[in-house]
Peer 1: 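Input: one structure, supplied below.
For this chain, numbers begin at 1 and follow the sequence in order.
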Amino acid sequence: MENTTIKKQTIFSGIQPSGQLCIGNYLGALLNWTKLQDDYNCLYCIVDMHAITVRQNPAELRRRSLDTLALYLAVGLEPEKNIMFIQSHVPAHAELAWVLGCYSMFGELSRMTQFKEKSVSNADNINAGLFTYPVLMAADILLYQADLVPVGQDQKQHIEITRDIATRFNSVYGDTFKTPEPFIPKEGAKIMSLTEPTKKMSKSDLSGGSIFLLDDRDTIIRKVKRAVTDSGSEVRYAEGKDGINNLLTIYSCFTGKTIAESEKEFGGVGYGDFKLAVGEATADALARIQSDFKQYLSDKEQLNGILKESSERAAYLARKTLSKVYRKVGFYSL
Ligand code: ATP
Ligand code: LTN
């Protein structure tokens with residue numbers, strides 16, 4: 001009989017342990033990761049080296065790295081199906097980043113939106129790491145010959161530059177890297193801040209605009225109640241209604257209903273009652289994640305075991321690509 005076995009494609013993605021994960025990270029990235037784990041070879045990284053492009057408290061960074069793994073597990077990523085590891089545990093990421101830096105152009109890095117935005121929000125620390133951030137991200141992805149990269153909308157530009165770097169390298173040295181595709185959810189790709197609905201929600205915003213995955217029920221309901229909306233009264237998805245559009249998106253992501261169904265459900269209902277429903281749906285969805293998180297976090301030995309085994313598997317795969325790259329660029333080997 002003909003061999004019909006199809007090799008599974010590879011997925012790589014990562015989240016910075018730069019704060020408590022928020023529902024933007026969950027709906028834009030993590031939720032998709034859980035859906036992909038059965039059909040792909042998946043590597044999910046905790047990118048601590050990216051996190052230090054912004055000043056971090058060392059003790060907190062250490063703690064959050066482990067919290068992030070516990071959250072990966074709590075949202076349903078199974079250790080048997082996914083390689084979940086910490087970036088700094090696999091030195092090949094830094095090693096490939098150096099090489100790729102020599103094939104990345106100053107001009108293209110200067111055009112990155114995230115660099116421009118973070119240069120404004122961290123004006124006192126516009127360091128070289130912030131500038132070369134996309135090069136390290138390209139190394140993360142290209143090391144594993146990833147086919148798909150599930151991320152939120154904001155990372156699309158970084159996947160594009162990854163593709164450009166890969167293509168440039170391949171054109172000089174012959175086929176070396178696979179060029180990856182972004183995988184962005186239809187709904188939830190860009191969850192906006194509750195207090196400034198024209199800005200993306202982010203885990204490092206501590207001003208009340210972000211709902212964190214570990215926020216308790218009352219906090220979630222209070223934050224949604226205070227969410228900025230418009231002066232109208234109709235729960236409808238429309239231009240100029242950024243706040244309501246965002247709440248409708250959050251509601252539909254957490255309940256599995258479409259935007260149209262949600263609009264219908266709240267026809268004739270005031271903003272106050274609608275906000276309460278959004279808060280409750282969010283809190284309900286997060287309650288299970290929170291109780292699983294506590295359980296996973298209480299077993300540090302299990303978490304360390306997962307990290308150790310995963311980083312060994314990742315290092316093995318990464319080394320194969322790195323050796324090929326070193327050979328191609330002409331590094332002498334013993
Ligand atoms: P920071 O505030 O520290 O810059 P962040 O909240 O932007 O962090 P990242 O670690 O940069 O989070 O991103 C992790 C993943 O979450 C990425 O795939 C990113 O695209 C996605 N993501 C981040 N914010 C949102 C959002 N508001 N809506 C949808 N996806 C998001
Ligand atoms: N830059 C990403 C985090 C990240 C990443 C990656 C995502 C680092 N390396 C590789 C996908 C693939 C961000 O979300 N800010």
Peer 1: Answer yes or no: is there a donor N or O on one side and an acceptor on the other, between the side chain of S310 and the main chain of L307, under 3.5 Å?
Peer 2: no
Peer 1: Does a salt bridge link K81 with E78, judged by any charged N lying under 4.0 Å from a carboxylate O?
Peer 2: yes
Peer 1: Please report the interatomic distance OG1(T68) to CG(L303), rounded to the nearest 0.5 Å.
Peer 2: 11.0 Å
Peer 1: Under a 3.5 Å cutoff, is there a donor and acceptor pairing between the side chains of Y326 and Y332?
Peer 2: no
Peer 1: Say whether, by atom type as modelled, one donor and one acceptor occur between the side chain of N25 and the main chain of L21 under 3.5 angstrom.
Peer 2: no
Peer 1: Under 6.0 Å between the ring centres of F115 and Y133?
Peer 2: no
Peer 1: Can Y44 and F85 be said to form a ring pair (Phe, Tyr, Trp, His ring centres under 6.0 Å), step by step?
Peer 2: CA-CA 7 Å; Y44 294 124; F85 68 106; 9.9 Å; no
Peer 1: Go through the steps for R63 and D67 under the test salt bridge (Lys or Arg N to Asp or Glu O under 4.0 Å), then give the verdict.
Peer 2: CA-CA 6 Å; R63 182 178 53 74; D67 283 2; 3.1 Å; yes
Peer 1: Applying the side-chain contact (heavy atoms from CB on, under 4.5 Å) criterion to V47, which one of Q16, H93, M137 satisfies it?
Peer 2: Q16
Peer 1: Do D164 and T167 pair up side chain to side chain, a donor and an acceptor below 3.5 Å, judged on atom types alone?
Peer 2: no
Peer 1: At what distance, to the nearest 0.5 angstrom, does CH2 of W33 lie from CG of L43?
Peer 2: 10.5 Å
Peer 1: If only side-chain N and O atoms count, and only distance matters, is there a donor-acceptor pair under 3.5 Å linking D140 with Q87?
Peer 2: yes
Peer 1: Check E187 with K257, please: is the shortest side-chain N to carboxylate O separation under 4.0 Å?
Peer 2: no
Peer 1: Within this structure, what is the OH-CG distance for the pair Y72 and L77, rounded to the nearest 0.5 Å?
Peer 2: 8.0 Å
Peer 1: In a check of side chain to side chain donor-acceptor pair (under 3.5 Å) between S18 and each of K203, Q56, E60, R64, which one passes?
Peer 2: K203
Peer 1: Please evaluate residues T198 and D242 with respect to the criterion side-chain hydrogen bond (donor to acceptor under 3.5 Å, both in side chains), reporting the C-alpha separation (whole Å), side-chain torsions for both, the decisive distance (0.1 Å), and the verdict.
Peer 2: CA-CA 7 Å; T198 49; D242 299 319; 5.7 Å; no
Peer 1: Say you draw a straight line from CD of Q295 to CD of Q302; how long is it, rounded to the nearest 0.5 Å?
Peer 2: 9.5 Å
Peer 1: What is the distance from atom CD of E301 to atom NZ of K308, rounded to the nearest 0.5 Å?
Peer 2: 12.5 Å
